[in-house]
Asks: 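Can you read through this structure? Questions will come right after.
Labels below follow one simple rule: chain letters A, B, ... track the order of the sequence lines, proteins then strands, and each chain is numbered from 1.
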Protein chains: 2
Amino acid sequence: MKTELDTRTKIVLAAMDLFWSKGYNSTSIADILSRTQLNSGSLYHAFPGKQDVLIAVLESYRDGLYPMLLEPAWEGVGDPVDRIFALLDRYRWLIVETECTYGCPIGSLALELHEADPVVRNLLAVNFTGWTKAIETCLEAAADRLPAGLDKAALAQFVLTTMEGGVMQARTHLDVTYFDRGVGMLRDHFDMLMARAARKPETA
Amino acid sequence: MKTELDTRTKIVLAAMDLFWSKGYNSTSIADILSRTQLNSGSLYHAFPGKQDVLIAVLESYRDGLYPMLLEPAWEGVGDPVDRIFALLDRYRWLIVETECTYGCPIGSLALELHEADPVVRNLLAVNFTGWTKAIETCLEAAADRLPAGLDKAALAQFVLTTMEGGVMQARTHLDVTYFDRGVGMLRDHFDMLMARAARKPETA
DNA sequence: GCGTGACTTGAACGATCACTCAAGGAAAGG
DNA sequence: CCTTTCCTTGAGTGATCGTTCAAGTCACGC
C-alpha cells in the first residue's frame, strides 16, 4: 500500500523531523524542500510562511498525543502508576536511540522560541497541558493509593518537569544516566507518597 | 567611579544579555555591535568569531556562579536546606521580573544548540555541574537531617531538574505558578525525606 | 619627530535566508 | 477543443547573516 501523501502532510512530517533534530531557527525552508523533494512554490502554495509550518507541526503533535505517543507507550500496561513510568521510559528509549542528541520536541521549541508569536506560544502550552492532563488521568485512576489531599495537577506537572529537566541534562552531558537519576528521584517521590497514603488512609 | 570597560568585557556583557533574551541564533553580530556601540572590526579583533563570544559568555557564567548568583542568593541564609530554596526563589524573582519571558540562560542555550560544538557543549555541561555541585554541598551540610543512604548527587540534579522544568513551563504558559508548583513538589519531597530520616535515624 | 604595534573604522563580500511570481502543466466539465 | 481551476516550476528578490580587510587613528619608546 504505497500511500500517496498530501503535500501538506509531506511538509509537516519533514518539518517535524527537522525541527526536532535541528530546531526551528536552524531549519531553513531549503532544508524542508530538499527533504520533501518539493519546490518552494508548492510549499508556499500549501503554507503562507515558515511560521505556519511550525503551527501545523505543533497542531500535529497535539493531535497525535494519544495515537502516536501515549497509546504505543501504554500498550500492555494497565496500572496507572506504571503507565507514568512507561511513558518516561519511552522518552528514555528516544534519548538512547538518538545517542542523546534529540530531546522532547516541544520542550526544545519552547526554550528556543524566545519571542514567540501568541499562536505559537499557545500551541506549545496546549501541548504541555495535553501531556500533563494525561498524567493527571493516571493519577486519578491511582487515587486510592495516593494521599487524600494530593494536588494531582501539580504532581502531573512535576512529572513533565522531571522528564524535561532530565532530557535537557542527558542531552547536555551526552549521558542517559542524568535522565535515569531524575526518573529515579521521581520514583522515590511516588514511593514516599504511596507509603504515606498507606500509613494513614482515608484522611483529608 | 566611571569604570572604563575592556572591549572584550563590554562584548561579553552585551552578549550575555542578548543571548539570554533572544537566544544565540537569533542574536546577530549587528545586535551586539549596536548594543556596545562598537564596530565589527573591534569585535573581530577581540574574538575570532561569533561562537567564541558564546564561549566567553559561558566561561563568564561558569566563573560568576558563586560571586554573581550563589552569594547574593545565600546572603543572610545560613541553613543549607533553606539555601536551596533561596536559590530557587532567586530564579522565581527573575521570572517575575521579566514577566515570564526570560529563563535560565544555560538551560535555554542547552536546548537551543542542537548540534553544538564540543567546546560549547562541554561548557554547558560544566555550568550545570557547577550548579549541582553547589546544591550537593548544601545537601552534605544537611546530611544529619536526611536519610542515611541518600544519593545526594542525584538529589542535587533533581533540584536543577525542578528549576529548569519549572522555568520552561512558566515561560511557556506565561505564568509563574507553574514554577511555584514545581518548587512546592520539591519542598514536599524534602519534607518527606526529612520525615523519613527523623523516623529511623542513623541507619544505612 | 618618527617608527611601531595595538586597536578602530566601516564599506564591502559572498552566502544564505524567507519569500515571490510569471509561466507552465494536468485534470475535469462543458 | 476550450476554459477553468488547481497546483507546480524554479529563477529571482531584497534583506540580513557572519566575516573580512585596507586604511586610519592613537599611544608610546626611541
Asks: Are there any protein N/O atoms within less than 3.5 Å of an N/O atom in nucleotides 17-22 of chain D, and if so, which ones and at what distance?
Replies:
| residue | atom | partner | partner atom | Å |
| --- | --- | --- | --- | --- |
| D:dG18 | OP1 | B:T27 | O | 3.4 |
| D:dG18 | OP1 | B:K50 | NZ | 3.0 |
| D:dG18 | OP2 | B:I29 | N | 2.8 |
| D:dT19 | OP2 | B:Y44 | OH | 2.8 |
| D:dT19 | OP2 | B:K50 | N | 2.8 |
| D:dT19 | O5' | B:Y44 | OH | 3.3 |
| D:dT20 | O4 | B:S40 | OG | 2.7 |

Asks: Please report, rounded to the nearest Å, how far the P atom of D:dC7 is from the CG atom of A:D6.
Replies: 9 Å
Asks: Please state whether the phosphate of D:dC7, meaning OP1 or OP2, lies under 4.0 angstrom from any side-chain nitrogen or oxygen of A:T7.
Replies: no
Asks: Relative to the ring of A:H173, is the ring of B:F128 parallel (under 30°), tilted (30 to 60°) or perpendicular (over 60°)?
Replies: tilted
Asks: Under 6.0 Å from the ring centre and within 45 degrees of the ring axis: does the NZ or CZ of A:K50 meet both conditions for the six-membered ring of A:Y24?
Replies: yes
Asks: Tell me every residue that passes salt bridge (charged side-chain N to carboxylate O under 4.0 Å, His left out) with B:R62, counting only those two or more places apart in sequence or in another chain.
Replies: none
Asks: To the nearest Å, how far apart are A:Q37 CD and D:dC7 P?
Replies: 21 Å
Asks: Can you tell me if the side-chain N/O atoms of A:N39 get under 4.0 Å from OP1 or OP2 in D:dT8?
Replies: no
Asks: With a distance cut-off below 6.0 Å to the six-membered ring centre and an angular limit of 45° from the axis, does B:R181 pair with B:Y178 as a cation-pi contact?
Replies: yes
Asks: Without decimals, in angstroms, what is the distance between A:L43 CG and C:dT20 P?
Replies: 11 Å
Asks: If we count only N and O atoms by modelled type, under 3.5 Å, do the side chains of B:S42 and B:N39 hold a donor and an acceptor together?
Replies: no
Asks: I'd like a table of atom pairs between the protein and nucleotides 24-27 of chain C - only N or O on both sides, under 3.5 Å - with the distance next to each one.
Replies:
none

Asks: Would you say the rings of B:H189 and B:F158 are close, in the sense that their centroids are separated by under 6.0 Å?
Replies: yes
Asks: Provide, to the nearest angstrom, the distance between the CD1 atom belonging to A:I32 and the P atom belonging to C:dC17.
Replies: 11 Å
Asks: Any cation-pi pair here, A:R171 with A:Y102, using under 6.0 Å and within 45°?
Replies: no
Asks: Is there side-chain contact between B:D117 and B:Q51, with heavy atoms separated by less than 4.5 Å?
Replies: yes
Asks: Does D:dT8 have OP1 or OP2 under 4.0 Å away from a side-chain N or O of A:H45?
Replies: no
